[in-house]
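Numbers for residues simply follow the sequence, beginning at 1.
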Amino acid sequence: MVTIDHRAKNIAQLEEKWQSLTIKDDTMFGIVMENQDICLELLRRILPELDIKLDV
């Protein structure tokens with residue numbers, strides 16, 4: 001049986017891992033690329049010399 005204290009510790013560890021993710025991590029990269037607004041912002045920051053527009 002999982003205790004509340006053990007569950008809280010697991011949640012804290014997951015939050016710590018989430019906070020340490022960078023764009024190099026497959027999970028974070030996937031999240032960024034799936035979200036059109038975030039992906040567009042990332043591209044604009046990486047390539048500011050390009051005038052990246054969204055064609056809808």
Show me the side-chain donor-acceptor pairs of residues 13-24 shorter than 3.5 Å, one per line, residues at least two apart or across chains.
unit_1 : atom_1 : unit_2 : atom_2 : d
S20    : OG     : K17    : O      : 2.8
T22    : OG1    : K24    : N      : 3.2

Selection residues 32-42 - residue pairs positive for side-chain hydrogen bond (donor to acceptor under 3.5 Å, both in side chains), sequence neighbours left out: E41-R45

If Ile, Leu, Val, Met, Phe, Trp and Tyr residues are connected whenever their side-chain heavy atoms lie under 4.5 Å apart, and connections chain through other members, are L50 and I46 in the same group?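 Linked, L50 and I46 end up in one cluster.
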
Restricting to pairs with a member in residues 47-56, which pass salt bridge (charged side-chain N to carboxylate O under 4.0 Å, His left out), not counting sequence neighbours?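 Every pair satisfying salt bridge (charged side-chain N to carboxylate O under 4.0 Å, His left out) with a residue in residues 47-56: D51-K53.
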
Roughly how far, to the nearest 0.5 Å, is CG of L54 from CG of L40?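 Nearest 0.5 Å value for the CG-CG distance: 6.0 Å.
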
